[in-house]
Colleague: 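Got a structure for you, written out below as structure tokens; questions coming shortly.
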Protein chains: 2
Amino acid sequence: MGRPRIKDVAEYAGVSAKTVSNVLNDYEHVSERTRTAVREAIDALGYRVNIAGRQLRRGRTGMIALAVPDLDVAYFAELARHVMAETERRGSTTLLVETGGRHEKELAAVRGFDAQFTDGVILSPLALQPRDLADRDTRLPLVLLGECNLPGSADHVAIDNVTAAREATEHLLSRGRRRIAVIGGDLHGSRNTSRLRTVGHQEALAAAGVALPDELVLPVPAFRWADGAAATRILMRLPERPDAMLCLNDHLALGAVRALHEDGWSVPKDLDVVGFDDIEATRFSIPTVTTVAPDKRGIARRAVELLLDRIDADGPGGPAVDETAGHRLIVRESSGG
Amino acid sequence: MGRPRIKDVAEYAGVSAKTVSNVLNDYEHVSERTRTAVREAIDALGYRVNIAGRQLRRGRTGMIALAVPDLDVAYFAELARHVMAETERRGSTTLLVETGGRHEKELAAVRGFDAQFTDGVILSPLALQPRDLADRDTRLPLVLLGECNLPGSADHVAIDNVTAAREATEHLLSRGRRRIAVIGGDLHGSRNTSRLRTVGHQEALAAAGVALPDELVLPVPAFRWADGAAATRILMRLPERPDAMLCLNDHLALGAVRALHEDGWSVPKDLDVVGFDDIEATRFSIPTVTTVAPDKRGIARRAVELLLDRIDADGPGGPAVDETAGHRLIVRESSGG
DNA sequence: CCACACGATTACATCGATGTAAATGGCGGC
DNA sequence: GCCGCCATTTACATCGATGTAATCGTGTGG
């Protein structure tokens, strides 16, 4: 025999299917007697609602999707945990999807994955273009995470990347560093996080009257250990070497630290290294790594809140919201902390 | 207007709804003319199947769940990537769920999460008990990952933990180590990975005629950096200190390396450290960390294969399968590599 | 004692897609 | 010219849950 259906529960309890449904949905006008009878029937038969039937009727699944570029990047894994914890607290389920930063996958996320099995989407985009959002179906609530110059069309939560980078660079300047390279930096590329953080870096240098030669801004193919290590080797071969590395995430920073170690440089004696994201590894690496810590829990909480509110509103709702989450610089051994 | 339904497509194309459905499902006997007409209608209207309707009718969602204890543990994040890649390749979608190793959540996973939105479940259990599987509903295919003495009732993929641990310890013995502690080890606890790996360790020591004092087998509350560091401090305060640490995952190993560094010990000069899992961090830490590398891709591939086969079989299928995935010891700096 | 309100319950239609079985129509063979 | 075959297409019922609106029954005020 198949799984029990609501009809089976109804028969067992001697009521109608609709009454069982009413009990399941905490409908007000159900007598205590029937309510317990139905509950007993549910327990006895081991009944569980079929989400497909419910969704078909209600148009909601109770599930949201979180789409991130790469779960191997610890920041996203940590963020995902927070998002999951938050949605669970609010009675929803999170479907986690990896986009690999590929444009087609991010587009699929914006569109609700071809199958509408989610009530809404939280997306941390890398490759998304403004026009991808221009004609999107606004019936599917969407919250974007992290930097992206995609104004107006979707809610958005991010830290103030310019300020964060400026503070990181100010910290390095205050330690006497002057040739500060930006690993993962890029002033003209499409990756907005890179651009904004590089701008912040520039601002800090400009305010201090320090030059930023082009060769010290080094884009990377991906934000992983190996890329940080490779970039470091390139930078250290420059005629005039850098005396600090501002790495746009912690994996790059850890890769830089490793590469410097292999080539016999000491961090922080010879060079300082700073990262972004405050992943757990930076608190246990040798040396521990100074990093800009975004308020991950705050980001997750706010994103989920925005999304679920839109879902509950069940309509276009208000205009898109743009929220700034907090961050702070945590100074550790890699820059003398 | 709401999203287009199959009926809208049918009207637009001038055919019946069932014909559209036939096109969607690649039914053989559809004329080329109708097929293109329907395809055009689908494109024109931007139609996408409603998974709820489909599931209701077919009883399948095309989604499977992967439930792991903790995404912060890089091994699970890496494994999840492989599982996702594999299911995607085979046309399914993976729903990722974090259990936190909590018994109630693992039980929910075994039961299909109260809502049957998945066709099957891949679960990496920590707290599951044999009796949790005894009366499970075998209509929901289930594949278990990692060690768990839960015989017979579900498919199972894992590496040979006893052998893997034995090899790791043999490696340490061959380097002259004799007082080898096991961080995360536990001969009598409920965590099977701990038990089996400790047994393997014991076997290697016994074969070499080396004693294993109880105090060198140290259970930990969780398998994270901080736990490895804490355990290390305890062990290094013993009257007779260990000369090597066999850590039952890489996070513990990295925590141990850090704690040893803080207390002025040199790895691998004073002590060797070995981990399990081959997470990316072990290839970039200072020192890089020797580790037992499970064939993650192989595990993921086989698990997905087993699960999807059971789903396709659409019945109890054959008896539960128990598969062993490959592993190899990768010697790195932390033990002289 | 009746009309009426209101709480509790139910019959029925419906959400969207697809399996079943039957209808349609073109073609070759006798 | 009729029959039967087969490719193609369709009508209809169905999956499970729930919204709508109607029904039932009890208690209350006039």
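Here the structure is a predicted model, which is why all the values come from computation and not from measurement. In what follows, chains carry the letters A, B, and so on, assigned in the order in which the sequence lines appear, proteins first and then strands, with residues in each chain numbered from 1.
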Colleague: Could you list the residues that satisfy side chain to side chain contact (heavy atoms under 4.5 Å, CB included) with B:D43, not counting sequence neighbours?
Modeller: none
Colleague: Regarding A:H29 and A:N22, is there a side-chain donor-to-acceptor distance under 3.5 Å anywhere?
Modeller: no
Colleague: Are any of the side-chain nitrogens in B:K296 or B:D277 under 4.0 Å away from the carboxylate oxygens of its partner?
Modeller: no
Colleague: Does B:T324 have any side chain to side chain contact (heavy atoms under 4.5 Å, CB included) partners at least two apart in sequence or in another chain, and if so, which?
Modeller: B:D160
Colleague: Reckon B:Y27 has a side-chain N or O less than 4.0 Å from the OP1 or OP2 of C:dA17?
Modeller: no
Colleague: With sequence neighbours left out, which residue pairs that include part of residues 46-85 of chain A fulfil the ring pair (Phe, Tyr, Trp, His ring centres under 6.0 Å) condition?
Modeller: none
Colleague: With sequence neighbours excluded, what pairs up with A:T99 under the side chain to side chain contact (heavy atoms under 4.5 Å, CB included) test?
Modeller: A:A67, A:P69, A:K105, A:E106, A:L123
Colleague: Looking at every strand, decide which applies to A:V15 at a 4.0 Å heavy-atom threshold: base, sugar-phosphate, or nothing.
Modeller: sugar-phosphate
Colleague: Identify, with sequence neighbours excluded, every residue that meets side-chain hydrogen bond (donor to acceptor under 3.5 Å, both in side chains) alongside B:R57.
Modeller: none
Colleague: Could I get the full list of side chain to side chain contact (heavy atoms under 4.5 Å, CB included) partners for B:D295, not counting sequence neighbours?
Modeller: B:R297
Colleague: Show me the pairs that pass salt bridge (charged side-chain N to carboxylate O under 4.0 Å, His left out) and involve residues 58-68 of chain B, at least two apart or across chains.
Modeller: B:R60-B:D314
Colleague: Pull out every residue in residues 34-45 of chain B that has a heavy atom closer than 4.0 Å to any atom of DNA chain D, ordered by number, or say none.
Modeller: B:T34
Colleague: Quick check: on DNA chain D, is the nucleotide nearest A:A17 upstream (toward 5') of the one nearest B:V30, or the reverse? Name the residue that is more 5'.
Modeller: B:V30
Colleague: Rounded to the nearest angstrom, tell me the gap between atom CD1 in A:I51 and atom P in C:dG16.
Modeller: 17 Å
Colleague: Got a sec, which residues hit salt bridge (Lys or Arg N to Asp or Glu O under 4.0 Å) with B:E40, two or more places apart in sequence or on another chain?
Modeller: none
Colleague: From the list D:dG16, C:dT9, C:dA17, which nucleotide is the closest neighbour of the side chain of B:R5?
Modeller: C:dA17
Colleague: Where the side chain of B:L56 is defined as all heavy atoms beyond and including C-beta, which of D:dC15, C:dA17, D:dT9 is the nearest nucleotide?
Modeller: D:dC15
Colleague: If you check every side-chain atom of B:R54, which of C:dA17, C:dG16, D:dT18 has the closest atom?
Modeller: C:dA17
Colleague: Can you check nucleotides 19-26 of chain D for protein contacts, nitrogen or oxygen pairs under 3.5 Å, and list what you find?
Modeller:
unit_1, atom_1, unit_2, atom_2, d
D:dG19, O4', A:R57, NH2, 3.4
D:dG19, N7, A:K18, NZ, 2.6

Colleague: According to a strict under-4.0 Å criterion, is A:S31 in side-chain N/O contact with OP1 or OP2 of C:dG7?
Modeller: no
Colleague: Taking side-chain hydrogen bond (donor to acceptor under 3.5 Å, both in side chains) as the test, write out the residues that go with B:R191, two or more places apart.
Modeller: none
Colleague: Among C:dT10, D:dA11, D:dA17, which is the nearest nucleotide to the side chain of A:N50?
Modeller: D:dA17
Colleague: Need the bend value for the helix from C:dC1-D:dG30 to C:dC30-D:dG1: angle between end axes, 5 pairs each end, nearest 10°.
Modeller: 60°
